[in-house]
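All remarks here apply to the structure that follows.
Quick note on labels: first sequence line is chain A, next is B, and so on, each numbered from 1. The figures that follow rest on heavy atoms only: side chains count, while hydrogens, waters and symmetry mates do not. Because the structure is a prediction, the values reported are computed rather than measured.
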There are 2 protein chains.
Amino acid sequence: MVETVQGARDGDAGRTGTTQGRTGDGRAGAQVGRMSQRRSGRPTLADVAALAGVGAITVSRALRRPDQVSPATRERIAQAVAELNYIPDPQARILASGRSDVIGVILPSLTNNVYADVLQGIYDGVAGTGFQIQIGNTRYDPEEEARLAPLFASQRPAAMLLTGIDQTPATRALLESAGFPIVQIMEKGDDPIDMIIGFSHFDAAQAAIRHLLGRGYRRIGVLGARMDPRLMRRQEGWRAALSEAGLPLREAISPEPSSATMGRALASRLMDAEPGLDALFCANDDLALGALFECQARGIAVPRDFGIVGFNDLEMMAAAVPSITSVQTRRYRMGRLGIEMLVERIAGRRPAEPNVDLGFELIERESTRRG
Amino acid sequence: MVETVQGARDGDAGRTGTTQGRTGDGRAGAQVGRMSQRRSGRPTLADVAALAGVGAITVSRALRRPDQVSPATRERIAQAVAELNYIPDPQARILASGRSDVIGVILPSLTNNVYADVLQGIYDGVAGTGFQIQIGNTRYDPEEEARLAPLFASQRPAAMLLTGIDQTPATRALLESAGFPIVQIMEKGDDPIDMIIGFSHFDAAQAAIRHLLGRGYRRIGVLGARMDPRLMRRQEGWRAALSEAGLPLREAISPEPSSATMGRALASRLMDAEPGLDALFCANDDLALGALFECQARGIAVPRDFGIVGFNDLEMMAAAVPSITSVQTRRYRMGRLGIEMLVERIAGRRPAEPNVDLGFELIERESTRRG
DNA sequence: TTGAAAGCGCTAACAT
DNA sequence: ATGTTAGCGCTTTCAA
């Protein structure tokens, strides 16, 4: 998605003569009297300038750096702007200045609750800053990311926000010399392209397993779906924790998207394959919800006979009966802080800390609170 | 969010000299020999043209309408493009042509599952078309929509997609004369600004109540949260259906966002206030999930002693125990079809039907299957 | 503090 | 089928 390819569409339905005539009104326009057919019909800087009796550049300055224009002129310009209902043309501005107000954002998914929250943080972070967000959706496809990142980068964005740390070497090289601020989110990393905000998926998964161990569960299984790089690192974490405890690895993994239905299916499969299973760490909350439903369907008592831990701490974990223990991750914060750091950098300020570990927190609830 | 205001940021961190030197290489550039400091450093149309030994406009045409250029020239141009790694500048294109490849999209939420699905449909619809998506998030605030819509419209989008039919008169007037295709989604309507894709929330809510009645439930309550215009119309629907059946109105409504936790709270409140309640229609699925959890917490048997119907048919409704009856709405389809219709119109073709009612379907599951 | 000129990279409108 | 010219609306540069 979001290509800037040429070709395709050509016609221009509905684009014909609408506000055509208005061009003439102020007759303020350029020195030249004749009317080009190419003009958009909207008032331009020159129109405002003529009406205010100043040069175009003064209007431009009044708009961008009001302090460089005398209060009197500023006021006259403000009136002209209001009168003409002038709105600056962002395209012209970008072309002339070589600088855009677009922050490119590349996410692996839009429907996944995790990224919906990130997205909310991003939009809240950008609110009122004057920047625009341009979203690319890779659908968890590394090739799509490799295609999208250079494409976005080539459009002179003011900054870019990327998900994760697994960009291809080529993409990475391109971005490192791109000349605009970049932040990677969702993962901890020693070697960011520029800035990074995240947490250790390895540690978080390890903490989940240790929590189950601490509650006395021993025959622990793990459910996972859609093994993206973050999931892979969680996998390393739960494997390490299980191995450290001398416990065998009991996993049910699917490449398909995570969902409650998938959670039920995977839980069912693992329960059948591993009789005596007494707990599940679910690498996503929707899997955990599905696992709980599967327990209910089988009449298994949670938490007495079976423990469940989820991951991400989605809102419904607290509402479930029993409520479900989960690893809280700061998704909204990553999106929001990511944008805030980028905006800081665009403004020429250095963030105090370009490498932020937001950590995680294991929220214990009823699903692992036994006896 | 997504303003195009002036002011704010000024500095240009990190933007300093990166690929500076490269400007000289092809020396192909314009007729003028001197090198402006303003140049971006990226190869331009003129560079490609010089390398291919043709005029700039020919390159432009080769890129946009290859059939208007002879195969031989086209081939030479393709080579030059590849050699220079040329990427067209979208801003310059937009400025010169007065036409952009941006489709503006205004949604009330990004985190709500409903709109996450719509968004996915939108991105899938736009994939491969060459159009870009610009999202505005109103957070269910009509004023924000009234602010955002004109702002987007002023940026010469190729088209716009709006949510619902409750734009202010001013916004509506502006958009009606905007000159680009517009589609409204999520609701049925007789008087679209341009095109519309939706379904009747009134009918859908009515169908939900009638389903409960058909299953023999009589002391029916309704839960609602965040009463946006769609919810209001559902409310009219459930009220009509209850009144038609001669049943009293038992509602628990909250202006706060819908969530499973909210569902539990509202269900709890209504159950306490209305002893003997035997069913709930929940105007959102997360409320329905919360209601189910509340029943579980209270030891109420669903569906035997209590019926539950949700709205939207989110994935987890099918996984719940018992699975939850819900009104299926075609969210993804509305997003996708909306974009497809816009793209058709941009290409100058008229869609067969500019007013599409996608309907809904009541999916009966265990939560209302008693007896 | 203000302005004139030039140009950002591309395409529309006429040529040829 | 290809080229020439003149912008699109804004900002940079340099000057006053």
> Of the candidate nucleotides C:dG9, D:dT11, C:dT2, which contains the atom at the shortest distance from the side chain of A:Ala96?
Replying inline: D:dT11
>> Do A:Ile339 and A:Ile133 make a side-chain contact, defined as non-hydrogen atoms from C-beta onward lying under 4.5 Å apart?
In response: yes
>> Taking the nucleotide of DNA chain D with the nearest heavy atom to each, does A:Val59 or B:Gln68 sit closer to the 5' end?
In response: B:Gln68
> So which nucleotide from D:dT2, D:dT11, D:dG9 ends up closest to the side chain of A:Thr44?
Replying inline: D:dG9
> Think A:Thr73 has a side-chain N or O under 4.0 angstrom from the OP1 or OP2 of C:dT2?
Replying inline: yes
>> Measure CD1/B:Ile94 against C1'/C:dC8 and give the value in whole Å, please.
In response: 14 Å
>> In this structure, how many angstroms lie between the P atom of C:dC10 and the CD atom of B:Gln91, rounded?
In response: 11 Å
> A:Arg42 has an atom CZ; how far is it from atom C1' of D:dC10, in whole Å?
Replying inline: 12 Å
>> In whole Å, I'd like the distance from the CG atom of A:Leu95 to the P atom of D:dG7.
In response: 17 Å
>> Of the options D:dT11, C:dC10, D:dT12, whose atoms approach the side-chain atoms of A:Arg93 most closely?
In response: D:dT11
>> Starting the side chain at C-beta, find the nucleotide from C:dC10, C:dA12, D:dG9 nearest to B:Leu45.
In response: C:dC10
> What is the distance from CG of A:Asp67 to P of C:dT2, rounded to the nearest Å?
Replying inline: 12 Å
>> Does B:Glu353 have more than 12 heavy atoms from other residues, nucleotides or ligands lying within 6.0 Å of its CD?
In response: yes
>> Just verifying a value: how many Å separate A:Thr163 OG1 and A:Ile185 CD1, rounded to the nearest 0.5 Å?
In response: 5.0 Å
>> For D:dT11 and A:Arg64 - does any side-chain N or O of the residue sit under 4.0 Å from the phosphate oxygens OP1/OP2?
In response: yes
> B:Leu63 has an atom CG; how far is it from atom P of C:dG9, in whole Å?
Replying inline: 16 Å
> Does the side chain of A:Arg74 get closer than 4.0 angstrom to OP1 or OP2 of C:dT2 through an N or O atom?
Replying inline: no
>> Can you tell me which nucleotide in D:dT12, C:dC8, D:dT2 comes closest to the side chain of B:Ser70?
In response: D:dT2
>> Tell me whether B:Asp47 contacts the main-chain N or O of B:Thr44 through its side chain, where contact means a donor paired with an acceptor under 3.5 Å.
In response: yes
> When rounded to the nearest 0.5 angstrom, what distance separates CZ in A:Arg76 from OG in A:Ser70?
Replying inline: 8.0 Å
> Taking for each residue the nucleotide of DNA chain D with the nearest heavy atom, is it A:Asp89 or B:Val54 whose nucleotide lies nearer the 5' end?
Replying inline: B:Val54
>> Nearest heavy atom decides the nucleotide; on that basis, is B:Ile87 or B:Arg61 closer to the 5' end of DNA chain C?
In response: B:Ile87
>> For C:dT2 and A:Thr58 - does any side-chain N or O of the residue sit under 4.0 Å from the phosphate oxygens OP1/OP2?
In response: no
>> Using whole Å, what does the distance between atom P of nucleotide C:dA5 and atom CD1 of A:Ile57 come to?
In response: 14 Å
> When you check the phosphate oxygens OP1 and OP2 of C:dT11, does a side-chain N or O of B:Ser60 lie under 4.0 Å from one of them?
Replying inline: yes
